[in-house]
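Let me begin by presenting the structure, written as structure tokens, before commenting on it.
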Amino acid sequence: MIPYGKHHIDDDDIAAVVAVLKNGWLTQGPVIDSFEAAFASYVDAKYAVAVSNGTAALHLAALAAGVGPGNALITTPITFVASANAAIYAGGRAIFSDIDPTTINMDPSELGATLRANRDTRAIVPVHFGGLPCDMKAIKAAADDAGAVVIEDAAHALGGIYADGTKVGSCTHSLMTTFSFHPVKSITAGEGGVITTNDQAIYRRLLRLRSHGINKANDSFLIPDQAVTDGATNPWYYEMQEVGFNYRITDLQCALAMSQLKKIDRFMARRRDLAKTYDKAFEGMNKCRPAQPFDRDRSGLHLYVMRFDFEAIGMSRAQFMSKLRERDIGSQVHYIPVPAQPYYRALGFDPQDYPASQSFYNEALSIPLYFDLDDDTQQRVISVIKELAA
Ligand SMILES: *Cc1c(COP(=O)(O)O)cnc(C)c1O
């Protein structure tokens, strides 16, 4: 079976994990710091905080941004549920703003209207869908006008580059950016995530929140009487200054992530080649087309998403997927619009209120895209799709 996405593990990845097993720290050790430094340097951010997964990264980012009771977080309907759930975890409201049908990313002009209708918005969470960077200049301008901050959900976009040439993760247009290292993403840690920022106060808050709310990075003590004897800090002493979580990542996971990060340029080059080959192969098709057929050299290319006119093809999407499966080709729908989920419908959301998202959803199907997809296998995928969607 050819999956829609898959991780790639080399012998040096295995050796990196084994080395950690042989050398001491399993968690809270030095490999986490090295990985954070390497990641921050790769994306050109000042700080990186590694956490247990991308969902934890979004949760902590929402808290650090001040999302909470009495305010709202705006994200896109076309994302994984975690982008919106971050608002709920933090005690705030989740709000959705429709996509631009040409990019499948949050539409900046829609965002203006959504902000006017939700004056209590604290954070905007654009998602670089499929890896294609959002129009961050416009989103940042809208956020600034509304007094809101931007948290980028870059789970799809490691390796992506904005229109101005800066890197996704550099926080050039945001307060924080989050990533995921789930096995289907560009690099993996098994499970893992990271938050990048250039703001030192936010960085320190994220460190506390990641580990129970206990002071880190030499935060000053709130109760000096309890902390100090004869002018020196008590050796056992620590302070929990707010409620945090155990969202730590392990040294084992960071060893894998670090080894994977060294291959990112190779990973990206292959994904770009594969995407361009698909783009070319599907040119001139009438009943299907790539959903985001541009800026391939700037996209993180997590997914290769197509739009199919299933009515014209004469098959339901379910039938089409099972025809692909019969030929050993995996496919997936990214995503069911989040407002269509029962939890969000029960909060009063109606997916029909997001027409661009709904019409994209009706046509969307992601086809195989991953580093190890070889040319022959890709050609087989192409010919089956051309046959089924002729
Ligand atoms: C994968 C993903 C997440 C969640 O990351 P996990 O590491 O699986 O928790 C969040 N947002 C988007 C857009 C994702 O694709």
Side-chain angles (χ1 to χ4, degrees), residues 4-8 39 42-45 54 76 78-80 83 99-108 125-139 150 152-174 177-182 184-188 194 196 260-261 263-283 288-307 331-335 360 364-373 378 381-382:
Y4 82 83
K6 189 177 186 301
H7 61 276
H8 169 90
F39 193 90
Y42 175 73
V43 299
D44 295 328
T76 158
I78 301 298
T79 184
F80 185 53
S83 318
I99 59 166
D100 173 337
T102 60
T103 62
I104 322 300
N105 282 331
M106 182 181 273
D107 182 336
V125 180
V127 178
H128 307 300
F129 179 76
L132 181 68
C134 295
D135 181 350
M136 290 310 301
K137 229 178 126 191
I139 290 172
V150 179
E152 296 167 70
D153 181 344
H156 296 186
L158 181 60
I161 299 164
Y162 304 114
D164 67 4
T166 58
K167 277 181 170 167
V168 173
S170 62
C171 299
T172 313
H173 312 281
S174 64
T177 304
T178 68
F179 294 88
S180 162
F181 308 127
H182 182 276
V184 295
K185 308 291 162 71
S186 304
I187 67 167
T188 190
V194 99
T196 59
Q260 292 260 302
L261 186 60
K263 305 179 219 286
I264 183 74
D265 291 340
R266 206 153 55 87
F267 285 176
M268 291 313 306
R270 181 64 185 155
R271 284 177 177 274
R272 285 175 180 145
D273 278 353
L274 289 164
K276 288 176 191 174
T277 301
Y278 275 141
D279 287 347
K280 218 164 171 183
F282 298 129
E283 259 170 33
C288 69
R289 61 193 160 105
Q292 302 172 299
F294 42 80
D295 291 332
R296 296 304 192 189
D297 289 320
R298 293 204 291 109
S299 175
L301 281 169
H302 167 51
L303 300 170
Y304 192 90
V305 185
M306 296 195 61
R307 301 181 72 147
S331 60
Q332 186 53 278
V333 177
H334 297 96
Y335 290 97
F360 166 72
L365 199 60
S366 303
I367 64 170
L369 182 71
Y370 52 91
F371 179 75
D372 284 321
L373 181 63
Q378 185 185 29
V381 172
I382 289 168

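Sequential numbering from 1 along the given sequence is applied to the chain's residues. Every heavy atom of this structure was used, including side-chain atoms; hydrogens, water molecules and symmetry mates were not.
- Annotation: side chain of His173 is in contact with side chain of Thr166 (closest heavy-atom distance under 4.5 Å).
- Listed here is the closest heavy atom pair of Pro368 and Leu373: O-CD2, 3.4 Å.
- Using modelled atom types, one side-chain atom of Arg272 and one backbone atom of Ser299 make a donor-acceptor pair closer than 3.5 Å.
- Checked by atom type and distance alone, the side chain of Gln332 never pairs as donor or acceptor with a backbone atom of Ser366 at under 3.5 Å.
- Distance alone, capped at 3.5 Å, places no donor-acceptor pair between the Arg307 side chain and the Ala291 backbone.
- Every residue meeting the ring-ring contact (aromatic ring centres under 6.0 Å, His included) condition with Phe282, not counting sequence neighbours, appears here in chain and number order: Tyr278.
- His334 is linked by a ring-ring contact (aromatic ring centres under 6.0 Å, His included) to Tyr4, counting only residues two or more places apart in sequence or in another chain.
- Between Pro108 and Ile139, the closest heavy-atom pair is CG-CG1, 4.5 Å.
- Looking at heavy atoms from C-beta onward, Leu261 lies in side-chain contact with Tyr42 at the 4.5 angstrom threshold.
- Taking CD from Gln378 and CD1 from Ile367, the interatomic distance works out to 7.5 Å, rounded to the nearest 0.5 Å.
- Taking Asp273 as the reference, nothing meets the side chain to side chain donor-acceptor pair (under 3.5 Å) condition, with sequence neighbours excluded.
- If you take CE on Met306 and OG on Ser331, they are separated by 11.5 Å, rounding to the nearest 0.5 Å.
- Legend: residues meeting side-chain contact (heavy atoms from CB on, under 4.5 Å) with His302, ordered by chain and number and at least two apart, are His156, Val184, Lys185.
- Between Gly169 and Phe179, the closest heavy-atom pair is CA-CZ, 3.6 Å.
- The ring-ring contact (aromatic ring centres under 6.0 Å, His included) check on Phe371 picks up His8, Phe267, with sequence neighbours excluded.
- Closest approach of Gly300 and Met268 over heavy atoms only: O-CE, 3.3 Å.
- Here the straight-line distance linking atom OG of Ser170 with atom OH of Tyr162 works out to 5.0 Å at 0.5 Å rounding.
- In terms of the ring-ring contact (aromatic ring centres under 6.0 Å, His included) criterion, residue partners of Phe360 (sequence neighbours excluded) are, by chain and number, Phe129.
- Summarising the geometry, atom CE belonging to Met136 is positioned 9.0 Å from atom OG1 belonging to Thr172; distances are rounded to the nearest 0.5 Å.
- The structure places CZ of Arg298 at 15.0 Å from NZ of Lys167, a figure rounded to the nearest 0.5 Å.
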Please determine whether side-chain contact (heavy atoms from CB on, under 4.5 Å) holds for the pair Ile382 and Thr277, giving the CA-CA distance in whole Å, both sets of side-chain angles, and the decisive distance to 0.1 Å. CA-CA 9 Å; Ile382 289 168; Thr277 301; 4.2 Å; yes
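- The closest side-chain heavy-atom distance from Pro126 to Asn105 is not below 4.5 Å.
- Atom CG in Asp279 sits 10.5 Å away from atom CD in Gln292 (nearest 0.5 Å).
- What you find for Pro101 and Ile104 is that their closest heavy atoms are O-CD1, 3.4 Å.
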Hey, mind stepping through Asp164 and Lys137 against salt bridge (Lys or Arg N to Asp or Glu O under 4.0 Å) and telling me if it holds? CA-CA 9 Å; Asp164 67 4; Lys137 229 178 126 191; over 6 Å; no
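- Annotation: side-chain contact (heavy atoms from CB on, under 4.5 Å) contacts of Asp107 (sequence neighbours excluded): Asp100, Ser109, Glu110.
- Taking the side chain to side chain donor-acceptor pair (under 3.5 Å) definition, one finds that Lys276 meets it with Asp297, sequence neighbours left out.
- Taking the side-chain contact (heavy atoms from CB on, under 4.5 Å) definition, one finds that Thr79 meets it with Thr75, Thr76, Ser83, Val127, Asp153, Val338, sequence neighbours left out.
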Hey, mind stepping through Ile187 and Lys263 against side-chain contact (heavy atoms from CB on, under 4.5 Å) and telling me if it holds? CA-CA 8 Å; Ile187 67 167; Lys263 305 179 219 286; over 6 Å; no
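- Side-chain contact between Leu132 and Phe294 is present, with at least one heavy-atom pair separated by less than 4.5 Å.
- Between Val194 and Phe181 there is a side-chain heavy-atom pair separated by less than 4.5 Å.
- Residues meeting the salt bridge (Lys or Arg N to Asp or Glu O under 4.0 Å) test with Asp265, sequence neighbours left out: none.
- Thr196 meets the side chain to side chain donor-acceptor pair (under 3.5 Å) test with no other residue; sequence neighbours excluded.
- Residues satisfying the side chain to side chain donor-acceptor pair (under 3.5 Å) criterion with Arg270, sequence neighbours excluded, are Asp375.
- Summarising the geometry of Cys171 relative to Glu152, their closest heavy-atom pair is CA-OE2, 4.3 Å, with the distance given to 0.1 Å.
- At least one side-chain heavy atom of Val333 sits under 4.5 Å from a side-chain heavy atom of Leu365.
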